[in-house]
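Here's the structure, in structure tokens; my notes come after.
Keep in mind that the numbers below use all heavy atoms, side chains included, and drop hydrogens, waters and symmetry copies. Owing to the predicted nature of the structure, the values given are computational and were not obtained by experimental measurement.
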Amino acid sequence: MTLYIGSPVKRVEDLRFLTGKGRYIDDIYFPNILYMAVLRSNYAWAKFKIDPKRVEERGFSVITFEDTKEFSPLPNFFVPDLKRVPKEYILAKDEAKYFGEPIGLVLGRDRYEVYDTLELIDVDYEPREPITDPFKAIGPNSPTLHKELGSNIVYSDIFEYGEEPKDYNYVEKKFRYNRILPAPLETNGVIAEFDKISGNLTIYANTQVPQVFKTALSIIFNIPRSKVRLIVPDSGGGFGGKIFLKPIAMTALASIITGRPVKYIETRYEHIISAIHGPDRHYTAKILYKGDELLGAIIDLVEDFGAYLHTYQPLPILRQIYQLVGPYKMKYLKFRVSGVVTNKPPTGAYRGLGIPPAVLVLENLVKSVSKVSGIDEMELRMKNFIDKLPYEHITGAVYDSGNYREALKKLVSQLEVKDKDKYTGIGIAFALEPGSSLAFQTLVVNKPRTPYYEGVYMRIDSGGDVTVFLSTNTMGTGHETSISQVVADVLGIPIDDVKVVLGDTAGPPGTGFYGSRFSVVGISAVYTAALKLKEKMREYLAKMFNVEKDEVKIDNGIVKISNKSFSIKEAVNMIYNRSYLIGDEIGLDVSVTINSYNVNVADDKRRVNFSTTYGVNAHGVVIKVDKDTGFIKILKYVVLSDCGTMINPMIVDGQLMGGTTMGIGASLLEKVEYDENGIPRQTSFADYWIPSAEEVPKFEIQHMISPSPFTPLGTKGVAEGGATVPPAAIINALEDILKKPINRIEIPITPEYVLQLINDMS
């Protein structure tokens, strides 16, 4: 019998995708369905009045804020003082606060009709000068975006761990990390169907957090949670951009008002101008050191939230805290945050959930210490790496397993370059990828809670086929394959005998697909359920054959009882069809819900274990700069990953390649910026550049395997790691060329920026 765990099994879901049999949102149709288009503000900050006369003359109507007055604003689950949260309604109330903000909805029989109708709506605007600079937003003469709050600072905090050393040297820098788009292959899509007779609201959406948004919709529309159901079909990518409540709430509103099914598919233009953006950050960062010892860091962050706080803000800010000390034995961290609102779309979850900028800050500062002090970079890192694991850091993070020194040695050994000239540079960066949980949310939530769980329903029928149900879903990440591998391995059955049903809130409880948590919590729940199902089979067979349970052995798909042996299929069939030998209860089904392992809530010093596991992602890059154009060419890219036990190495490598490609895009190409009127300069892929095959090098992927002691299979997270490290590795390679630290670092690294640095060098 094949051992499936650890095998590079071909993905079971690929056949339907490659043959065009996938079922995405836009493949779903209901009779009597209406299509929805969104009327969006043409100004970044303006009062508005909608005149629907021309539309009504054609038999259409426009849904506006007036139709939403009985419903609640969009919830924020993580800010304790709700008086400090800007109220974001489904549709803007009287005043739009960013370009592209939804101010009305139009419904029609087909997509062409609604977009034609959209152009007929007259809107009278009274524009104001927008706030686009977060530093001006907190200045003394700045207007207040949300008058009821009295300030544009909507979140501020100070986190301090350890004691500040009395005697140290330091390197101080500024970092600018620009907005970025998730840009999945498939944009946000929703179908909502409200039944006015039963009061049931059924949603089909390509969201990453169906159970969380089920709760959110219950709150907004005051519908009992038991009457809300979210179903997630096949989805073409997420990267945090599918943790977006507004499209779902707008479509649900339209269905509630009309009593008919409503479909909305976000256009690429809408995704770029008004969907959730990645972090918009300004750091002033100081690393403290003495001799060859890294002592700590003092970090100030101004975070531009955009006009409102996304459902998950400020979690992307908080999740980075442990990474500001990273894998080093530093004894002090002071982290000050000012979260500011401006006339831009909200920022939210993006692949890495806030970590990539923190990796950039820490890893570049470490390199700068090497340059300033004259200490060899490898020697400095080796000296300060944590060398005994598990290790509890000053932040409360408990690093589980790995060998950081060996990982770095293995990485660097692959980075030798022949004939290196003055415009060729080598950069390395090291990050720890958290797997599972939102334990760090207790840093802001005033009532400790731990919604880090994931549930599984599993059953085996009389023919021996196993069906596995999870409410979490997949975004092209191979979850069906990994689940099937684990179940087939535990029970000793062929992988084809396992069916996986994902993404339905009518299934088991769970908190979604994000934060590299599936391989830590989701797959652990699957493994636990499979073991439980196996034990239930042994219990029934013991009763059937009147023997002790210990005498029933199930191994490699064969059941052995005394001198008898059966296949799993034969044994299961006997259990169902000879129930008189067992008793009344014969169902071979189990339910398992597990919490994330080894997580806690913040203590009185605000120390918390941010995650169950911390995988290793070490990246090394060789770049060459064109001195005339400033373009950076990647000559070599090496990834060293330690994600513990790999369920499927082929899927792991795919995640590393895809994530690293996104990281390269963030490093060199991708940027959302605004003019002085708050209008985005990027509105399509013609001016928002994502990496193509020409810009992406062939990756050299190395693995180390240090199973986590905190998960039953030793698994860790891996999906975000590739995306978190490239900005730091590439900027470090650029500093290697310049032979000195860069005082102000900006991501992405544009050719103009590079030319300026080269000119300063010469």
Can you see which heavy atom on [X] is nearest to which on [Y], and at what distance?
X    : Y    : answer
V232 : S235 : CG1-OG, 3.7 Å
A358 : L324 : CB-CD2, 3.8 Å
V9   : N648 : O-ND2, 2.8 Å
G278 : T347 : O-CG2, 3.4 Å
P73  : I220 : O-CG1, 3.9 Å
I28  : K263 : O-NZ, 2.8 Å

Item checked: Verdict with supporting geometry, L491 and I554, side-chain contact (heavy atoms from CB on, under 4.5 Å) -> CA-CA 8 Å; L491 298 180; I554 302 178; over 6 Å; no
Check: Hey, mind stepping through I191 and I203 against side-chain contact (heavy atoms from CB on, under 4.5 Å) and telling me if it holds?
Finding: CA-CA 6 Å; I191 298 173; I203 302 285; over 6 Å; no
Do the side-chain N and O atoms of [X] and [Y] include a donor-acceptor pair separated by under 3.5 angstrom?
X    : Y    : answer
S218 : T215 : no
N473 : Q208 : no
R319 : Q441 : no
E13  : T481 : yes
D400 : S708 : yes
D642 : S706 : yes
N595 : Y597 : no
K716 : S401 : yes
T715 : T645 : no
T505 : Q211 : no

Checklist line | salt bridge (charged side-chain N to carboxylate O under 4.0 Å, His left out) contacts touching residues 500-509 (sequence neighbours left out) | finding: R229-D504
Item checked: Pairs where residues 466-487 contributes a residue and the test salt bridge (charged side-chain N to carboxylate O under 4.0 Å, His left out) is met, not counting sequence neighbours -> R16-E480
Evaluate whether atom [atom1] of [X] has more than 12 neighbouring non-hydrogen atoms of other residues, nucleotides or ligands under 6.0 angstrom away.
X    : atom1 : result
K499 : NZ    : no
R459 : CZ    : no
N222 : CG    : no
K10  : NZ    : no

Margin query: What verdict does the side-chain contact (heavy atoms from CB on, under 4.5 Å) test give for L713 and I647, after you've listed the backbone C-alpha separation in whole Å, the side-chain angles of each residue and the deciding distance to 0.1 Å?
Written below: CA-CA 9 Å; L713 286 169; I647 303 299; 4.0 Å; yes
Margin query: Please verify the inter-ring angle class for H479 with F513; under 30° counts as parallel, over 60° as perpendicular, anything in between as tilted.
Written below: perpendicular
Margin query: Students often mix this up, so state it plainly: with edges at 30° and 60°, are the rings of F30 and Y204 parallel, tilted or perpendicular?
Written below: tilted
So does [X] pair up with [Y], basic N to acidic O under 4.0 Å?
X    : Y    : answer
R538 : E535 : yes
K242 : E186 : yes
D27  : K21  : no

Checklist line | Steps toward side-chain contact (heavy atoms from CB on, under 4.5 Å) verdict (D497, K569) | finding: CA-CA 10 Å; D497 289 351; K569 288 180 180 289; 3.3 Å; yes
Check: With sequence neighbours excluded, what pairs up with A525 under the side-chain contact (heavy atoms from CB on, under 4.5 Å) test?
Finding: V456, I594
Item checked: Test salt bridge (charged side-chain N to carboxylate O under 4.0 Å, His left out) applied to E551 and K560, step by step -> CA-CA 8 Å; E551 296 180 53; K560 294 182 179 180; over 6 Å; no
Note to self: I'd like to know if the side chain of S471 reaches the main chain of P508, judged simply by a donor and an acceptor atom lying under 3.5 Å from each other, with no hydrogens or angles considered.
What the structure shows: yes
Check: Counting distance only, does the side-chain N/O of K543 pair as donor-acceptor with the main-chain N or O of L581 below 3.5 Å?
Finding: no
Check: Looking at F545 versus F566, is the centre-to-centre ring distance below 6.0 Å?
Finding: yes
Margin query: Can you tell me which residue among F610, Y399, Y614, Y322 is in a ring-ring contact (aromatic ring centres under 6.0 Å, His included) with H393?
Written below: Y399
Notebook entry, point to check: Is R517 close enough and on-axis enough to Y514, meaning under 6.0 Å and within 45°, for cation-pi?
Noted result: yes
